[in-house]
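Since this is a predicted model, take the numbers as computed values, not measurements.
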Amino acid sequence: MSLGVTVGISFGALFGLILIWFLISVLKSFIVVAQNERVIVESWGKYNRTLTAGFHCLMPVRDRIRKILWKHNQISVDKYGNETIQMTQSLVHKIDLRESLFDFPLQSIITRDNVELKIHLMALYQLVDPVRVCYEIYDLPLAVGNLVKTTLRSVIGAMGLDDTLASRDEINQLIQQKVSHICLNWGFKLNKVELLEIIPTRDVQIAMNSQIAAERIRRASIIEADGQREKVRTEAEGATQKMIAISKGRQQVTILVARGQADSKTLIAEGEARALKVLAEAVKPFNIDATQYLIAIKYLETFGKMATSSSRSVVYFPLNTNLVGEFRTILNTKRK
């Protein structure tokens, strides 16, 4: 084979390779961008434009798609039900603008009172500026992850165990406030931070359970003492009210009996007054004093009782008395 033929074949093969490479570049220049995705295009290594949703054609050789380093979390569960989070890293050329989730592995943090805690943190984020995501920082997931972790350590390190367990919302707000303005410079918007789990060590859990049991016993003792105190006070008040009611009842009975006796004496006196008045009218024609007449009747009744008694009695009449005359008058009146 002559030298000319060899050179022709070599140039033909080279031209063919160049043609194939050009065709492949042309085919790769066609790109379809989905909704809520963005693609950064560079021309000769310099930012040119941002591709939005739709079909686009790039200039072969000149235009190149900018790729970014991104990390993805893969969660695997073993046969015992334990979850393992494995992070994978890859270069991607499409920037997803949808809201996504950062699931951080368990973080070992020491509180202000030297208690070790395991914290499981989750963050909701969104990429809002594709240009800043590509050019402001190289490894965005690593930077955001370390920033959130260090902020979490500083916030919880300034709090005690009880404050940490009772102030989840406050911790979430503090982390978001300290991290958000820094992440915005990178085109990264931190929408929400949540503490999924706060797990104390085994020794701390035992101490907390003992403290809770002691607190429950103390509260039970206080409640029992309060119950006994209320019982004694209620019984004393009941006894007092009982005595007051009995005293008031006796007072009312005494008042009613006294009123009855007074009314009875009043009625008897009124009856005797009327009887005396009638008697005075009856003996008036005989010139007899009604009072002396009644006294004489009482004497006669008394003499009758004395006569029927078995004992011997001596009776003395008053000196100034007109009983004999009254007796005589009474006897004469009865004979007539």
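When atom types are taken as modelled, the side chain of Gln107 and the backbone of Leu121 share no donor-acceptor pair closer than 3.5 angstrom. Checking side-chain atoms of Ser167 against main-chain N and O of Thr164 turns up no donor-acceptor pair under 3.5 Å. No donor-acceptor distance shorter than 3.5 angstrom exists from the side chain of Arg64 to the backbone of Glu42, with no hydrogens or angles considered. Under a 3.5 Å cut-off, the side chain of Thr150 and the backbone N or O of Leu147 do form a donor-acceptor pair.
Interatomic distance, Leu117 CG to Ile109 CD1, rounded to the nearest 0.5 Å: 7.5 Å. The distance from atom OG of Ser100 to atom CG of Leu127, rounded to the nearest 0.5 Å, is 7.0 Å. Distance check, rounded to the nearest 0.5 Å: OG of Ser180 to CD of Gln173 gives 11.5 Å. The CG atom of Leu58 sits 6.0 Å away from atom CD1 of Ile31, with the distance rounded to the nearest 0.5 Å. In this structure, CE on Met59 lies 10.0 Å from CG on Asn48, to the nearest 0.5 angstrom. To the nearest 0.5 Å, the span separating CZ on Arg233 from OG1 on Thr240 amounts to 12.5 Å.
In terms of heavy-atom proximity, His93 sits nearest to Lys67 at CB-CG, 3.9 Å. What you find for Leu190 and Ala123 is that their closest heavy atoms are CD1-CB, 3.8 Å. In terms of heavy-atom proximity, Ala53 sits nearest to Gln35 at CB-OE1, 3.7 Å. Leu161 and Asp113 get closest at one heavy-atom pair: N-OD2, 3.2 Å. Residues Cys57 and Arg49 share a closest heavy-atom pair of O-NH2, 3.7 Å. In plain terms, the two heavy atoms of Arg132 and Asn185 that are nearest each other are NH1-O, 3.2 Å.
Within a 6.0 Å sphere centred on CZ of Phe55, heavy atoms belonging to other residues, nucleotides or ligands number more than 12. For Glu270, the CD atom is densely surrounded, since the number of other residues' heavy atoms within 6.0 Å is greater than 12. Heavy atoms of other residues, nucleotides or ligands lying less than 6.0 angstrom from CZ of Arg259 number 12 at most. Within 6.0 Å of NZ on Lys94 lie more than 12 heavy atoms contributed by other residues, nucleotides or ligands.
Aromatic ring orientation, Tyr125 versus Trp70: tilted (interplanar angle from 30° to 60°).
Leu97 and Leu184 sit in two unconnected hydrophobic clusters of ILVMFWY residues. Membership requires side-chain heavy atoms under 4.5 Å apart, directly or through other members. Val128 and Ile137 sit in two unconnected hydrophobic clusters of ILVMFWY residues. Membership requires side-chain heavy atoms under 4.5 Å apart, directly or through other members. Linking Ile, Leu, Val, Met, Phe, Trp and Tyr residues whenever their side-chain heavy atoms come within less than 4.5 Å leaves Met159 and Ile110 in two separate clusters. The hydrophobic cluster containing Tyr135 does not contain Val39, counting ILVMFWY residues as joined when their side-chain heavy atoms lie under 4.5 angstrom apart, directly or transitively. Val131 is connected to Trp186 through a chain of hydrophobic side-chain contacts under 4.5 Å among Ile, Leu, Val, Met, Phe, Trp and Tyr, so both are in one cluster.
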Step-by-step side-chain contact (heavy atoms from CB on, under 4.5 Å) determination, Leu165 to Ile198: CA-CA 7 Å; Leu165 296 176; Ile198 300 177; 3.7 Å; yes
Derivation of the side-chain contact (heavy atoms from CB on, under 4.5 Å) call for Lys178 and Val155: CA-CA 10 Å; Lys178 293 183 176 182; Val155 170; 4.0 Å; yes
Stepwise side-chain contact (heavy atoms from CB on, under 4.5 Å) test for Ile40 and Ile65: CA-CA 6 Å; Ile40 302 298; Ile65 295 176; over 6 Å; no
Trace of the side-chain contact (heavy atoms from CB on, under 4.5 Å) decision for Val133 with Asp129: CA-CA 6 Å; Val133 171; Asp129 191 343; 5.6 Å; no
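Thr201 and Asp203 share no side-chain donor-acceptor pair at under 3.5 Å. A donor and an acceptor atom, one from each side chain of Glu99 and Asn191, are located under 3.5 Å apart. A donor atom on one side chain and an acceptor atom on the other are found under 3.5 Å apart for Glu116 and Ser108.
You'll find the side chain of Cys183 reaches within 4.5 Å of the side chain of Val144, heavy atoms only. Residues Ile68 and Ile95 are in side-chain contact: their nearest non-hydrogen atoms beyond the backbone lie under 4.5 Å apart. At least one side-chain heavy atom of Glu194 sits less than 4.5 Å from a side-chain heavy atom of Met122. The shortest distance between side-chain heavy atoms of Phe102 and Pro141 falls below 4.5 Å. Between Leu101 and Leu124 there is a side-chain heavy-atom pair separated by less than 4.5 Å.
Applying the side chain to side chain contact (heavy atoms under 4.5 Å, CB included) test between His120 and each of Leu196, Leu195, Ile199 identifies Leu196 as the sole match.
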